[in-house]
Number of protein chains: 2
Amino acid sequence: MNDQYHHGDLKNALIQAGIEILSKEGVQALSLRSVARRAGVSHAAPYAHFADKEALIAAIAAEGYRKLYAKLTAAQQASGDPLVRLHQTAFAYLQFALDEPDHFRITFAGVVEAERDYPEYVEQSQRCYALVVELVKACQARGLFTDEDTQLFAVSIWSSIHGFAQLAIANQLPGALVSRKSIHDIFRFHLRQLLAGLEKP
Amino acid sequence: MNDQYHHGDLKNALIQAGIEILSKEGVQALSLRSVARRAGVSHAAPYAHFADKEALIAAIAAEGYRKLYAKLTAAQQASGDPLVRLHQTAFAYLQFALDEPDHFRITFAGVVEAERDYPEYVEQSQRCYALVVELVKACQARGLFTDEDTQLFAVSIWSSIHGFAQLAIANQLPGALVSRKSIHDIFRFHLRQLLAGLEKP
DNA sequence: CGCGTTATCTTGACGATGTAAAGATGCTGC
DNA sequence: GCAGCATCTTTACATCGTCAAGATAACGCG
């Protein structure tokens, strides 16, 4: 009943159509009309479900966070060592950005001019953040990290990983380095530095 | 002779107009026509200087890197200690992002779908990166960092700082934390962790 | 000095886009 | 079974990126 109507679940169909366009044609091809076309409805049909283009983008961004969350949790194979899980999570984060650069970008930059808030987006965002917080807590519980402010650790970790992913998909990692080492090797070094700063002496 | 023509230096006038629009109205207001209007020329005049909208954005992005470079070097007050200069540079980086979020964003994400290359953009990008490399070299020369691959250090540092700036302007730093501590204090902690990982034991 | 060439800019046009208004369609609850 | 409402289509409009054709003015070559 949430989204059922004449032709099925259009709201989610539009979101999925948008994600496909991001993946196959890039962000410049993402328009309300192209999304409607792909979903097989008229160009004004989306307005029954989204106030405007920004609201659709917010929904796509929320879905980006949801997908990211799924990939991050899936990457954490049953391992007792929280540091291992942190590594796995970080690589999954990078991989999502490399696999779906436009979806990743829009997830973090699409909903900016909004004084409006999009509760679904905020919720998914916080769920991802909570995942990092949990990892930090696990590390602290094992005495791997100091007992300083958990949130600060989480923000620091997220920043480092996020920044690398952003630079990588923006093609801003220096070409001389990338031709010499794989992105994953560079990232491995980055993670090593990050953990060296975090771990309790 | 480079850009002089009927009404003055239109090419740069258009770039500056674009930057002002980014600053005052945001990225959604940046159009070739709005830029032309602000520069006081007809809507097709930009095509004498830019092949298309993406070329204008590339020029705005290059100018973003140029401004960033200026702010980063200006922030490095005459201090012998390269760690101090690194701190100053990092804060200037964050400040630029906070002051001009849309210009900052477009600098790093605007020229993405380009298989074309924009030499001016690449040059300015590399100049900024070289600045970080120089800082790392100075730290290594003083024995503060190990003599491992300088480029890897530089990428790691840039990633950490860049990621924090991105999350900050995307409003993705957790609200509970931001209401408790200033962004600058959170950043200070982040930098402390970063340097703890980098410094030679 | 004069004239043609070329870079710069204007005007007008076209298709695409975001969005609003008005109408059609079909579900849903009373 | 009917009224109301959510959903969807059609039509319309301003704005956008881009192109083509023309005007204008600087510049080079004779």
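We name chains A, B, ... by the order of the sequence lines, and we start the count at 1 in each one.
Not less than 6.0 angstrom separates the ring centroid of B/Y69 from the ring centroid of B/Y65. For an aromatic pair to be called close, the ring centres must be under 6.0 Å apart, and A/F164 with B/H162 fails this.
Taking atom CZ of A/R37 as the reference point, atom P of D/dT10 lies 15 Å away to the nearest angstrom. Atom CZ of B/R38 and atom C1' of D/dT15 are 18 Å apart (whole Å). Atom pair A/K11:NZ and D/dT7:P shows a separation of 9 Å (rounding to whole Å applied). Taking atom CG on A/L56 and atom P on C/dT17, their separation rounds to 14 Å, with Å as the unit. Here the P atom of nucleotide C/dT8 and the CG atom of B/D9 are 11 Å apart, to the nearest Å. For the pair A/Q28 CD and C/dT17 C1', the interatomic distance rounds to 14 Å; values are reported in whole Å. In this structure, the CD atom of B/E25 is 10 Å from the P atom of D/dC16, given to the nearest Å.
Summarising the geometry, atom NZ belonging to A/K137 is positioned 12.0 Å from atom CG belonging to A/D147; distances are rounded to the nearest 0.5 Å. The distance from atom CD of B/Q140 to atom CG of B/L135, rounded to the nearest 0.5 Å, is 11.5 Å.
Applying the salt bridge (Lys or Arg N to Asp or Glu O under 4.0 Å) test to B/D99 and every residue at least two apart in sequence or in another chain returns nothing.
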Kindly give the atom pairs (protein nitrogen or oxygen, nucleotide nitrogen or oxygen) under 3.5 Å for nucleotides 18-22 of chain C.
residue, atom, partner, partner atom, Å
C/dG18, OP1, A/L32, N, 3.2
C/dG18, OP1, A/K53, NZ, 3.3
C/dG18, OP2, A/L32, N, 3.0
C/dG18, OP2, A/R33, N, 3.3
C/dG18, N7, A/R33, NH1, 2.6
C/dG18, O6, A/R33, NH1, 2.9
C/dT19, OP2, A/Y47, OH, 3.0
C/dT19, OP2, A/K53, N, 2.8
C/dT19, O5', A/Y47, OH, 3.0
C/dT19, O4, A/R33, NH1, 3.2
C/dT19, O4, A/H43, NE2, 3.4

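Among all heavy-atom pairs drawn from A/A36 and A/S42, the shortest one is CB-O, 3.4 Å.
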